[in-house]
Number of protein chains: 2
Amino acid sequence: MAGIKDVAKMAGVSVSTVSNVINGRHGKMGHDTLCRVQDAISTLKYVPNAVARQLQSGQIRTLGLIVPSVANPFWGNASQVIEKEAKAHGYQVLICNAERDPDTEAAYLESLYSSGIRGVILGSSPVSLDHLQKQAEKGMRIAAFDRNTQGIQQLLSCSISIDQISGARMAARHLVGLGHKRIGFISGPIGTSSRIARLDGLRAELAKVGVELDDELLWLGRNASGFGDSQAAELGRSAIRELMTLNNPPTAVFCINDMYAIGALSGARELGYRVPEDLSVIGFDDIYLAKVMSPPLTTIQQPLEQMSKLVVAKLIEALRTDGAIDDPYIEMRPELIVRSSTAAPNPRKA
Amino acid sequence: MAGIKDVAKMAGVSVSTVSNVINGRHGKMGHDTLCRVQDAISTLKYVPNAVARQLQSGQIRTLGLIVPSVANPFWGNASQVIEKEAKAHGYQVLICNAERDPDTEAAYLESLYSSGIRGVILGSSPVSLDHLQKQAEKGMRIAAFDRNTQGIQQLLSCSISIDQISGARMAARHLVGLGHKRIGFISGPIGTSSRIARLDGLRAELAKVGVELDDELLWLGRNASGFGDSQAAELGRSAIRELMTLNNPPTAVFCINDMYAIGALSGARELGYRVPEDLSVIGFDDIYLAKVMSPPLTTIQQPLEQMSKLVVAKLIEALRTDGAIDDPYIEMRPELIVRSSTAAPNPRKA
DNA sequence: AATACTATGTGTAACGTATTACCAGTTCAC
DNA sequence: GTGAACTGGTAATACGTTACACATAGTATT
């Protein structure tokens, strides 16, 4: 374990001089001194101890990222893009799976704080952010990702999200436009801000055009306690089985995200329903799997890459400027991607 | 930002006493002292600085995890399980996406090392581990996951993997057993130990039973430079299009992992081929999506949960015992999961 | 009454780096 | 030839925590 002292001894200079070399203050010394130090560094395979450095400087170039579950390709992909972007800014990312549980989120936040991390990207997460108050007060900068910021802006340094409500309305409008009148809704437990908004959007649009949303067709993660996103597809499959065996089944279903939609596709086929002839399915997120499903999934797209770049840039700016940034709360426009899982309802059954 | 000194001052005791409280040495002090210190801690919202702690102790309860890509559900799910398991041992996990690039892996390893992390789980990764030598020499404990350990055991503290070769042979035997004689192989670039072993296994089994493996039917990630796993499904789709438009197309394809297989399913359907009637597709890994595909995917299962538990336990043990652990190199048995994407070849075309 | 022991705390030196103040030469203008 | 400015470098201290040796007082034992 070579330390800066060993390097100094070997090069015959003081530790401060070595420190100057490491930190690029080359102007402060003679050329031969510089060379001797550099030689010593490489022969000893010396790497500065980031821990000691941080303790001294109080700085650490690491961001926290709290997501519901990297097992869900949407978040897996988001994590990857965010990490890449952070790396481009010279930051590392510590990824945490919080499973949408407030206590787990709070525990991670405290742990990140105690590691010196002062910037965190919070993905999805529950409606109330009370559990984060303590850390926020102590100076943790929090950036929200994929959630609305109603009433919690004082806790947040910035936020990036799509307009969930209008996304859900686009989906609803698409289905209604095709002629559907019996529309189902499939989701896991409605605990996060984004899920609430999506359901609200669906409700609002259907109300506006005068289509009833039958409570019987709302499937909200029954028996799903403790299930993570890796089970989302399975839940979607169970859901569609229950909905399609009702006396008056839906002709179309809106799924809270693409994973549920993928499960719904699978379940519908098992029951002998053809998609989209007998049943239309629409998802949300546009994960990369949506286009390779059969049939390819109609869905609402989130501009993931742009959102990730923005959230990283904003958060780092907030960290540098001590919170004073322009335009901290951004809502992007989602987009309807029509593929082949939606069509007009089957007249025989309608 | 309250430190231990502030707590000590407020409670009217020395920093040592506060340290004792924090570290659970409650027997060393009077009851009222304990209470006063605890009060001070909570009113000041004091959280011990993990960095300073680590500097002192040289210990950090964090593991590094280097994976090809969390966007691939196999690795996303693995990351999640590993993280959960590590947490149960009181460790955090720092997840890094290395995209199968040796330089990126080396950079992450150095960065992890300088953060005081001394235990890393290395997922998949290139054949040669020369790029990791430097860190390994300095005392980094490396656990290999999902790769063979031929000739690199001195670099590794432990390893957990399935027997890739026998997994691939099981797949080949299954296809041959169904009567297939023209078998294709779809993969991205063959750069990692696990991919090499899978191809070797396929070759060995086919040679054994006297079925030719036509080079024309080997699709190895053409034009795939820089593509990550989120594109694997798309690559699978391109691959199947190329293979099925040959003069003498395959009747079955073996895909390097389930993501490619999912893409192959999609591509085959687009071309009008039915799976499994016209084409059999077999994958590898058994990600949770395999069973909700249509048709559900026949695949080779890796016992992910068990493997994850083992690798975490072994690595932590290696860290604690300074490398001396029993049975460090474990190969688990993969299992053939027969679903509905494989069947006997269509006699019309055979 | 002297000794030993227990319970309860305290003081301080690390840990490895960055920063600050400082010092010894050299050069140079006047 | 004298002091200011500059160059190349040193030494001391701080960062927040822990570990360990030591201090103090009260109580029990001989």
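A note on names: the letters A, B, ... follow the listed sequences, proteins ahead of strands, and every chain is numbered from 1. Quick caveat, the model's predicted, so the values are computed rather than measured.
Between the side chain of B:Ser193 and the main chain of B:Asn148, a donor-acceptor pair closer than 3.5 Å is present. Judged by distance alone, with hydrogens and angles left aside, the side-chain atoms of B:Thr43 form a donor-acceptor pair with the main-chain N or O of B:Asp39 at under 3.5 Å.
Contact annotation: B:Ser19 side-chain N/O to D:dT18 OP1/OP2 distance is under 4.0 Å. Regarding contacts with the backbone of D:dT10, a side-chain N or O of A:Thr17 is found under 4.0 angstrom from either OP1 or OP2. At D:dG9, one or more side-chain N or O atoms of A:Thr33 fall inside 4.0 Å of OP1 or OP2 (strictly under the cut-off).
Rounded to whole angstrom, the span from the CD atom of B:Gln54 across to the C1' atom of D:dC15 amounts to 14 Å. Taking atom NZ of A:Lys5 as the reference point, atom C1' of C:dA18 lies 14 Å away to the nearest angstrom. Rounded to an integer number of Å, the gap from A:Arg25 CZ to C:dT17 P is 14 Å. Atom NE2 of A:His26 is separated from atom C1' of D:dT7 by 17 Å (rounded to the nearest Å). For A:Ile60 and C:dT17, the CD1 to C1' distance is 15 Å, given to the nearest whole Å. If you take CG of B:Asn20 and C1' of D:dC20, they are 11 Å apart, rounded to a whole angstrom. Residue B:Asp6 contributes atom CG, which lies 13 Å from atom C1' of D:dT17 at whole-angstrom precision. One interatomic measurement links the two molecules: NZ of B:Lys28 to C1' of D:dT18, which rounds to 12 Å at whole-angstrom precision.
Geometrically, B:Lys134 does not engage B:Tyr113 in a cation-pi contact, judged by NZ or CZ lying under 6.0 Å from the ring centre and within 45° of the ring axis.
Of the candidate nucleotides D:dG9, D:dT18, C:dC15, D:dT18 has the atom nearest to the side chain of B:Arg53. Closest to the side chain of B:Gln56, from the set C:dT19, D:dG16, C:dT10, is D:dG16. Checked against D:dT18, D:dA11, C:dT17, the side chain of A:Ile4 finds its nearest nucleotide in C:dT17. Taking every side-chain heavy atom of A:Asn23 into account, C:dA18 is the closest of D:dT18, C:dA18, C:dT17. Minimum atom distance to the side chain of B:Met29 is reached by C:dG9, of the listed D:dT18, D:dC15, C:dG9. Comparing D:dA19, C:dG16, D:dA12 against the side chain of B:Ser16 picks out D:dA19 as the nearest. In the set C:dT19, C:dC15, C:dT17, the nucleotide with an atom closest to the side chain of B:Leu55 is C:dC15.
Interatomic distance, CG of A:Leu109 versus OG1 of A:Thr104, reported as 12.0 Å (0.5 Å rounding). The distance from atom CD1 of B:Ile330 to atom CD1 of B:Ile160, rounded to the nearest 0.5 Å, is 4.0 Å.
For B:Glu83 and B:Gln92, the side-chain atoms include no donor-acceptor pair closer than 3.5 Å.
Residue order along DNA chain C, read from the 5' end via each residue's closest nucleotide, puts B:Gly27 first among B:Gly27 and A:Ala52. Residue-to-nucleotide proximity on DNA chain D shows that, of B:Val15 and A:Val15, the 5′-proximal contact is made by A:Val15. If B:Gly12 and A:Tyr46 are placed on DNA chain C by their nearest nucleotide, the residue sitting closer to the 5' end is B:Gly12.
Of the residues in residues 34-42 of chain B, none lies under 4.0 Å from DNA chain C by heavy-atom distance.
With sequence neighbours left out, the side-chain hydrogen bond (donor to acceptor under 3.5 Å, both in side chains) criterion links A:Ser14 to A:Thr17. Remark: A:Gln153 pairs with A:Thr149 by the side-chain hydrogen bond (donor to acceptor under 3.5 Å, both in side chains) rule, at least two apart or across chains.
Counting non-hydrogen atoms under 4.0 angstrom, B:Val51 reaches nothing in the nucleic acid.
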